[in-house]
Amino acid sequence: MTHAMHRMLVALRALLVSAGPFLLIAVVLLALAYWWLDPNPPRRVRLATGPAQSAYAEFGARYKKALAANGIAVELVPSEGSAANRRLLHEGKADLGFVQGGSGNAERQQPVDLVSLGSLFVEPVWLFYREEAVRKAAGADRSRTDRKNGPRADATLTSVTQLKGLRVNIGAPGSGVPRLMHRLLDANHVDPKAMHLSELDQTPATAAFLDGKLDAIVFVSAPESLMVQMLLRTPGVRLMAFEQSEAYARRFPFLTPVTLPRGVVDLAADVPPHDVPLVATTTSLLARDGTHPALLLLFSEAAQKIHGGAGWFNRAHEFPDAANTEYPLAAPAERVMRTGTPLLQRYLPFWLANLVDRMWLALGLIVAALLPLSRVVPPLYEFRIRSRVFRWYGRLREIEHRLEAEPQNAPQLLEELDALEQRVGKVVVPLSYTDELYALRNYIGMVRGKLKQA
């Protein structure tokens with residue numbers, strides 16, 4: 001090892017020893033900040049979706065794929081629908097879930113432990129009916145030929161009141177659709193006993209509907225639902241128009257009037273052949289209040305990509321939206337809606353960008369706290385370097401005092417001075433402190449002269 005390398009190592013060791021307590025305090029503060037802020041999210045999250053082949057299940061698969069790109073495994077929790085999702089969230093069996101608007105009314109007596117990531121899409125009330133069944137019902141009772149009291153002779157339904165006497169499936173209990181339909185029936189002064197109601201799941205209800213065992217079937221779902229897509233193209237199946245959609249929106253705040261444009265399902269086949277007025281609820285993505293903020297941020301970013309495009313009932317970039325949500329908007333969702341993807345995540349991996357984003361404020365506070373302490377390090381470093389030289393002055397003083405007291409021992413003291421000089425010759429200090437080392441050697445030479453004179 002060269003002499004220059006040795007000097008560098010000595011300086012580095014002195015610096016590490018001097019700054020050791022300072023670095024230890026900094027590491028402890030960083031560890032405490034990391035523990036308190038918990039910047040890294042869990043690697044698994046549970047998302048409550050809905051029945052198989054539903055729009056919720058389809059969107060859940062898209063979210064799972066989107067978050068997998070950032071190393072987050074999304075466990076999809078199937079359910080009966082919106083009401084079941086809300087229950088799973090309250091019970092802690094899911095971290096996030098799709099919930100329809102209007103379903104929060106049933107939870108007024110429960111503590112609000114949910115936050116919203118915004119309104120994602122509208123879910124129209126799809127009331128499909130079989131033309132043949134309605135025509136038979138109209139022919140069986142010619143006295144009910146007006147639109148207010150029963151099916152019309154032309155097999156067209158335009159009002160909930162015309163469902164009297166029909167076999168209608170209003171959805172599974174956990175979906176929230178039965179509760180919504182009972183409210184609509186009540187608003188139209190229709191006694192549920194005036195029709196044959198059933199509450200089957202989507203798949204068996206659709207099978208029974210196509211087999212002729214049901215006359216009408218009700219879905220509340222996004223148009224991405226495979227069942228909705230199939231029924232809109234099925235011959236002999238028609239979609240009921242809610243011609244009083246504006247009135248429904250006035251009566252029920254969680255409903256909004258929407259229009260299914262002509263030809264939007266199939267332009268070539270002109271499906272539907274005319275604009276169809278509908279009423280729709282707005283579906284939000286809800287999360288438990290204690291869900292990690294980084295997860296909420298990732299889901300909000302994924303929502304921008306999944307729901308931000310144009311659809312049958314909205315233009316591009318209308319969703320996600322902070323309107324029509326019955327729960328408090330989560331801060332990460334509000335941030336993404338306002339500024340989009342955070343700047344750091346555009347250039348850095350998610351885990352690193354999230355760590356910096358979550359820790360930068362804590363790092364600033366730690367630096368502000370440690371800055372006064374850092375002023376102690378340079379004097380302490382200087383003391384440790386100079387002490388490598390100054391400690392030998394004590395030995396020289398001792399030899400001088402012994403010479404004054406015992407001049408006859410000069411030969412022995414001269415041997416001790418030689419040994420001392422050899423040890424001082426091995427002392428290595430940075431170049432900036434060599435003047436003190438040479439001063440020590442001059443002092444040794446002066447003491448040697450006194451010993452020789454004695």
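Along the sequence shown, residues carry numbers from 1.
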J.: Do the side chain of Thr291 and the main chain of Ala287 share a donor and acceptor less than 3.5 angstrom apart?
T.: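 Pair absent, no side-chain N/O of Thr291 close to backbone of Ala287.
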J.: Mind checking whether Gln244 and Val160 have side chains closer than 4.5 Å, heavy atoms only?
T.: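 Side-chain contact under 4.5 Å: no.
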J.: Any sub-3.5 Å donor-acceptor pair from Arg183's side-chain atoms to Arg179's backbone N or O?
T.: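 No: the side chain of Arg183 does not pair with the backbone of Arg179.
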J.: I need the minimum non-hydrogen distance between Val122 and Pro124, along with the two atoms involved.
T.: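 Val122 and Pro124 have their closest heavy atoms at O-CD, 3.6 Å.
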J.: Identify the two heavy atoms, one from Pro173 and one from Ala83, that lie closest to each other, and give their separation to 0.1 Å.
T.: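 Answer, listing the atom of Pro173 first, then Ala83: O-CB, 4.5 Å.
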J.: Distance-only check: which donor-acceptor pairs under 3.5 Å involve side-chain atoms of residues 59-68, not counting sequence neighbours?
T.:
{"residue": "Arg62", "atom": "NE", "partner": "Glu58", "partner atom": "OE2", "Å": "3.2"}
{"residue": "Tyr63", "atom": "OH", "partner": "His307", "partner atom": "NE2", "Å": "2.9"}

J.: Any idea which heavy atoms bring Val177 and Gly171 closest together, and the distance?
T.: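 What the structure gives for the nearest pair is CB-CA, 4.5 Å.
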J.: Show the nearest heavy-atom pair for residues Ala187 and Phe252, with the distance to one decimal.
T.: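 Nearest pair, atom of Ala187 first, then Phe252: CB-CZ, 3.8 Å.
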J.: For residues Val258 and Trp312, determine if any side-chain heavy atom of one lies less than 4.5 Å from a side-chain heavy atom of the other.
T.: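 They are not in side-chain contact.
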J.: Measure the shortest side-chain to side-chain distance between Phe128 and Leu232 over non-hydrogen atoms and say whether it is less than 4.5 angstrom.
T.: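 With C-beta onward as the side chain, the pair touches.
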J.: Side chains of Asp113 and Tyr327: donor-acceptor distance under 3.5 Å anywhere?
T.: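 On atom types as modelled, these side chains do not qualify, holding no pair under 3.5 Å.
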J.: Find out whether Leu285 and Leu96 are in side-chain contact, i.e. whether some heavy atom of one side chain is under 4.5 Å from a heavy atom of the other.
T.: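 The answer is yes; the side chains approach within 4.5 Å.
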J.: Quick check: does any side chain N or O of Trp126 sit under 3.5 Å from a backbone N or O of Leu239, one acting as donor and the other as acceptor?
T.: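 No, the answer is negative, given that no donor and acceptor are paired below the 3.5 Å cut-off.
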J.: What do you reckon, are the aromatic ring centroids of Tyr56 and Phe98 less than 6.0 Å apart?
T.: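 Here the rings of Phe98 and Tyr56 have centres that are less than 6.0 Å from each other.
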J.: Below 4.5 Å, heavy atoms only, C-beta onward: do Phe313 and Pro223 meet side chain to side chain?
T.: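 Yes, side chains in contact.
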J.: What verdict does the side-chain contact (heavy atoms from CB on, under 4.5 Å) test give for Leu255 and Leu184, after you've listed the backbone C-alpha separation in whole Å, the side-chain angles of each residue and the deciding distance to 0.1 Å?
T.: CA-CA 11 Å; Leu255 292 179; Leu184 297 184; 4.2 Å; yes
J.: Is there a donor-acceptor pair under 3.5 Å between the side chain of Arg43 and the backbone N or O of Ile72?
T.: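 Pair absent, no side-chain N/O of Arg43 close to backbone of Ile72.
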J.: Quick one: closest heavy-atom pair of Met337 and Pro320, and the distance?
T.: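 For Met337 versus Pro320, the nearest heavy atoms are CE-CB, 4.1 Å.
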J.: Main chain of Ala57, side chain of Ser54: is a donor-acceptor contact present, judged purely on distance under 3.5 Å?
T.: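 Checking the backbone N and O of Ala57 against the side chain of Ser54, a donor-acceptor pair under 3.5 Å is found.
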J.: Taking atom CZ as the centre, does Arg397 end up with more than 12 heavy-atom neighbours from other residues, nucleotides or ligands that are less than 6.0 angstrom away?
T.: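 No.
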J.: Answer yes or no: is there an ion pair linking Arg46 with Asp95, defined by an N-O contact shorter than 4.0 Å?
T.: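 A salt bridge links Arg46 with Asp95.
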J.: Only counting residues at least two apart or in another chain, list the ones meeting salt bridge (Lys or Arg N to Asp or Glu O under 4.0 Å) with Arg250.
T.: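 Here the qualifying residues are Glu246.
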J.: Is the closest side-chain heavy-atom distance between Pro272 and Val265 below 4.5 Å?
T.: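 They are in contact (side-chain heavy atoms under 4.5 Å apart), so the answer is yes.
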J.: About how many Å separate OG1 of Thr339 and CD of Glu334, when rounded to the nearest 0.5 Å?
T.: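 The distance works out to 10.0 Å.
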J.: For Met230 and Leu210: C-alpha separation, side-chain torsions, deciding distance, then whether side-chain contact (heavy atoms from CB on, under 4.5 Å) applies.
T.: CA-CA 11 Å; Met230 182 266 295; Leu210 296 176; 4.0 Å; yes
J.: Roughly how far, to the nearest 0.5 Å, is NE2 of His182 from CG of Leu180?
T.: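 Going from the CG atom of Leu180 to the NE2 atom of His182 covers 10.5 Å.
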J.: Could you tell me whether the side chain of Val218 reaches within less than 4.5 Å of the side chain of Val168, counting heavy atoms only?
T.: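 Result yes, sub-4.5 Å side-chain heavy-atom pair found.
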J.: Ignoring hydrogens and angles, state whether a donor on the side chain of Gln100 or Thr283 is under 3.5 Å from an acceptor on the partner side chain.
T.: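 Per modelled atom types, Gln100 and Thr283 side chains form no pair under 3.5 Å.
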J.: Atom CG in Leu297, atom CD in Glu301: separation rounded to 0.5 Å?
T.: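 These two atoms lie 4.5 Å from each other.
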J.: Between Met227 and Thr203, is there a side-chain heavy-atom distance shorter than 4.5 Å?
T.: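 Yes, their side chains come closer than 4.5 Å.
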J.: When rounded to the nearest 0.5 angstrom, what distance separates OG in Ser221 from CD in Gln202?
T.: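 One gets 6.0 Å once the value is rounded to the nearest 0.5 Å.
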J.: Pick from Leu200, Asn169, Leu231: which one makes a side chain to side chain contact (heavy atoms under 4.5 Å, CB included) with Phe209?
T.: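 Answer to the side chain to side chain contact (heavy atoms under 4.5 Å, CB included) test with Phe209 among Leu200, Asn169, Leu231: Leu231.
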J.: Atom CE in Met181, atom CG in Leu185: separation rounded to 0.5 Å?
T.: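 Spacing of CE (Met181) from CG (Leu185) equals 5.0 Å.
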J.: Please check if the side chain of Asp201 supplies one atom and the backbone of Pro204 the other of a donor-acceptor pair under 3.5 Å.
T.: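 No, the answer is negative, given that no donor and acceptor are paired below the 3.5 Å cut-off.
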J.: Applying side chain to side chain donor-acceptor pair (under 3.5 Å), which residue pairs with at least one partner in residues 67-80 are found, sequence neighbours left out?
T.: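 Pairs touching residues 67-80 that pass the test: Ser79-Asn85.
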J.: Give a yes or no on whether His317 atom NE2 has more than 12 heavy-atom contacts from other residues, nucleotides or ligands under 6.0 Å away.
T.: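 No, not enclosed.
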J.: Hey, does the side chain of Asp270 reach the backbone of Asp266 with a donor-acceptor pair shorter than 3.5 angstrom?
T.: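 No; zero donor-acceptor contacts below 3.5 Å.
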J.: If you measure from CD on Glu318 to CZ on Arg315, what distance do you get to the nearest 0.5 Å?
T.: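 Answer for the CD-CZ pair, Glu318 versus Arg315, is 7.0 Å.
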